[in-house]
Amino acid sequence: MARRSQGTKLHLAVLCLVVSCHAIGLSDLMERASQRSDQLPVLGMFSFSLDSHFPPMGRVMMPRPSMCHTSSLQTPKDKEQALRVSENELISLARSLLLAWNDPLLLLSSEAPTLPHPSNGDISSKIRELQDYSKSLGDGLDILVNKMGPSSQYISSIPFKGGDLGNDKTSRLINFHFLMSCFRRDSHKIDSFLKVLRCRATKMRPETC
Amino acid sequence: MWGEVGGALVLLLLSEVLDCIGISPPGKPVLINCRSPEKETFTCRWDPGFDGGLPTTHHLYYQKEDSYGMYECPDYQAAGSNSCFFNKSHTSIWVNYNITVVAINSLGSTVSDPLEVDVMYIVQPNAPENVTVSVVETEESPHLLVKWEPPHEADTRSGWITLTYQLRVKRQNKKESEWEEYASGKQTQLIIYSLHPGEVYMVQLRCKLDHSLWSEWSTTTHTEVPDYFLKERSIWIVVTVFSAFIILLVTFTLAMKRKYVKHCLLPPVPGPKISGLDTQLLKSGRSEDILSSLINQGFPPTIATKDQQVDYLLVFDSEQVTPDLQNGQTRTNNSIDHGCYDHSLLMEANNKEVKVGGRETVEQGYSEGLESTFRKTKGLSTDVTSHPYPQKKPFNNVTETPKQATVSSKYRSLSHHKDLWDSLARHLDYRETVVKSQSNCDDKHNLSSQNIVTPSKDIGYVEVHRWTKSIGLKVLVPKMDKRQDYSKVSVVENDNVVLLKRETVPLNCTSCKVGGNQSEKCLQQKPCKPNMTVPAKEGVHIGSNGYVEPVTMSHTL
């Protein structure tokens, strides 16, 4: 038995070695991550023109973007700030933001079928697509941080407190739309951070930025 | 209460008076849009509206979502009139700006509707710059190489901006042609294939920043593709058509003159013309005829030498063994001159197949000569003379062994001929001798007067033996008392006359040179008669088979 376990250990070690030899380089991982984040079909949500179905009312009642649950996370606000941020922090921010949207997406996917909108079926399928994309991006980023080292693995936890979208139809639509716009902004942030990160990772080839 | 009413009335009156004059507070300005070309700065523009007849100033105020307080536009000049330029320090992304414009004149101010702006949404880059289009001429096909640069303000090096490009192409001359669009990704060059030679192409470019709005199309670049390529192709087409036409013409001509072409390319092979060979006979298909006719040819032509002569003889079948052979041989060598002639042996030999190893060629020569001899003689049976050309048909009344029509069969066939003796006896070349019968030769076999034909020493002749009881053995031998060699040709007179030279040796006369100093060498036993040395007249005649034959005049001694 001991021999067998030794044998399997050896076998695993060899396998790991082989796998790591053929493992994808960091720059390639970055490239893939940025491509995935670029493809996030958030904008597809806004083709449904949710805001046209709002009843006419004052803008005051509209939730403010500062009321997004991720606004508590301090992120760079312009290019200089973004370029000053370290790579570890950039990847941490990206992962934190992505993680923060797992719960809201779950809520949205459960609420979408009953949404008072003519194409709520398409909306719910789009939500599912969003979920898949963000999950695969999250997995890719996890692999990436394993390569980058332990200091990059810190994630800020951002809780989501919204229980449901509301009671009446109008508020549900409004809240749905508001959540989508928040997600759109955050996905744009993630994409920008990853692209800056990618450019920094491929220092020898500046033309790929 | 009366004061407020009075104040309101005064204002109303005032505004009415002002309207009659034509001045009013400014109209409401409208914010048109805000644009950021590189995600670092942005510019807002507004429409001022009616100014109310008075000089009006406009002020833009903004409020950011994450800070408190109202701020005024930092730069009204940079982007032109009725615009506000936010430089890098004043620009924040992922932050909502609440922007309003206020128009102020002496009579009042008017505030526009607010505009919510997030820089993220208002990005629209400028068009790509430095578009160069060049025609690259390769041997296969020319193509267009389009190169450009990103707008100069865009910072692509740090990764803050990722530009994607789009290109469109159109042919200028074709009126209904549409723009063809090609995506270029992040590359700053593109190759366009499948060009029409001689056309002018228009190229435009635009770009996009991440998920931003597309830029405006760049200014059109015109390029002309040279049309040499078309000429080359047309030459090839002409050449192909012409050669196809020629090929068709040639094929048609050949088809018309099929026979002539066939005759030219595949000339008819001349059939074999072997003298004496009858193709009709061959076609008839009788094997004995064929074989006999083949054997009758003088092939291979041989010149009989002394060695090959006459030792011919009598070989029997395999049952009868050699001792007889040897006896026969010795006997036959001396057959004519010596005594007991075993006629019976010859009879037997003739009646059987004769196999002589290695001497068949000689026999064939004999047989041919025999045939020619026979033909010369007139008065033979109609079987022979009725066929003027060499005839291979043997005598019909002869039973021969079908398999091997060898030499002896021919002899046998001749021997059965009834007029053989008489005809040969009359022949010039033959003489009759009689071998006297000997007492010790017993008449073993009850021989009838049969002719036995054997080849003689000389080529082309045979000897015929006949046993007659009363007389004995009569032999017809050719008159070859002189050695007859081939003649020497003295002169050729015509196409068909040849004069031959003959040296005759007079009998009983030794060689003697007439005249001269050699006379002492002459051994003269008898005087040579002068008339004996007269050279015989020579002549020539053409035989029936086409060969020239010497004619010997009869000599008289």
Side-chain angles (χ1 to χ4, degrees), chain A residues 30-31 34-35 37-44 46 51 59-60 62-68 70-85 87 90 93 97 181-182 184-203 205-209, chain B residues 36-42 63-68 86-100 113-123 147-150 153-165 183-189 208-214:
Chain A
M30 285 308 311
E31 180 72 35
S34 65
Q35 278 177 11
S37 69
D38 191 68
Q39 291 164 358
L40 213 60
V42 185
L43 295 175
F46 294 89
D51 50 356
R59 287 261 179 180
V60 184
M62 287 292 292
R64 312 292 303 155
S66 58
M67 290 152 65
C68 287
T70 52
S71 56
S72 59
L73 191 68
Q74 290 297 317
T75 57
K77 293 277 192 300
D78 59 25
K79 180 180 137 182
E80 284 79 17
Q81 288 178 19
L83 293 180
R84 276 200 294 270
V85 172
E87 291 162 20
L90 278 172
L93 284 169
L97 283 170
S181 58
C182 285
R184 185 180 169 188
R185 174 191 279 188
D186 287 342
S187 67
H188 197 268
K189 278 188 191 176
I190 294 165
D191 190 36
S192 295
F193 296 157
L194 288 177
K195 280 180 177 151
V196 171
L197 209 56
R198 177 186 72 184
C199 189
R200 277 203 221 158
T202 63
K203 285 193 181 78
R205 288 181 297 164
E207 65 273 6
T208 56
C209 289
Chain B
S36 169
E38 79 287 69
K39 222 160 105 178
E40 295 174 52
T41 65
F42 72 103
Q63 199 175 13
K64 288 169 82 168
E65 108 187 20
D66 56 352
S67 64
Y68 299 102
F86 292 81
N87 62 4
K88 289 184 188 182
S89 57
H90 289 96
T91 306
S92 298
I93 194 168
W94 304 309
V95 170
N96 254 26
Y97 284 77
N98 193 327
I99 297 172
T100 52
D113 289 331
L115 184 66
E116 289 271 345
V117 169
D118 189 338
V119 175
M120 176 182 88
Y121 297 124
I122 59 164
V123 178
K147 283 190 177 181
W148 60 87
E149 287 171 8
E153 66 271 1
D155 175 24
T156 50
R157 300 192 131 261
S158 61
W160 184 242
I161 286 174
T162 309
L163 285 165
T164 51
Y165 301 95
S184 174
K186 289 187 287 182
Q187 294 167 1
T188 55
Q189 65 178 31
K208 178 173 83 159
L209 212 151
D210 299 331
H211 296 284
S212 74
L213 303 163
W214 282 106

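Lettering follows sequence order; numbering is per chain, from 1. Values below: every heavy atom of this structure, side chains too, minus hydrogens, waters and symmetry copies. Keep in mind the model is a prediction, meaning the values are calculated, not measured.
- Checked against salt bridge (charged side-chain N to carboxylate O under 4.0 Å, His left out), Asp191(A) has the following partners two or more places apart in sequence or in another chain: Lys195(A).
- Note that CD of Glu80(A) and CD of Glu40(B) are 6.5 Å apart. Values are rounded to the nearest 0.5 Å.
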As a quick check of understanding, evaluate side-chain contact (heavy atoms from CB on, under 4.5 Å) for Arg184(A) and Asp118(B), giving each step before the final call. CA-CA 12 Å; Arg184(A) 185 180 169 188; Asp118(B) 189 338; over 6 Å; no
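- When the side chain to side chain contact (heavy atoms under 4.5 Å, CB included) test is applied to Lys64(B), the partners found at least two apart in sequence or on another chain are Tyr62(B), Asp66(B), Ser67(B), Ser92(B), Val95(B), Tyr97(B).
- In terms of heavy atoms, Asp38(A) sits closest to His211(B) at O-NE2, 2.8 Å.
- Of the inter-residue distances, the one linking Asp210(B) atom CG with Ser37(A) atom OG reads 9.0 Å to the nearest 0.5 angstrom.
- Taking each heavy atom of Trp94(B) and Ser192(A) in turn, the nearest pair found is CZ2-OG, 3.5 Å.
- Heavy-atom distances place no part of Gln81(A) under 4.5 Å from chain B, backbone and side chain included.
- Considering every non-hydrogen atom in both Thr91(B) and Asp78(A), the closest pair reads O-CB, 3.7 Å.
- The two residues Trp160(B) and Ala82(A) make their nearest non-hydrogen contact at CZ3-CB, 3.5 Å.
- With values rounded to the nearest 0.5 angstrom, Lys79(A) atom NZ is found 11.5 Å from Ile93(B) atom CD1.
- A heavy-atom distance below 4.5 Å is found between the side chains of Asn96(B) and Arg185(A).
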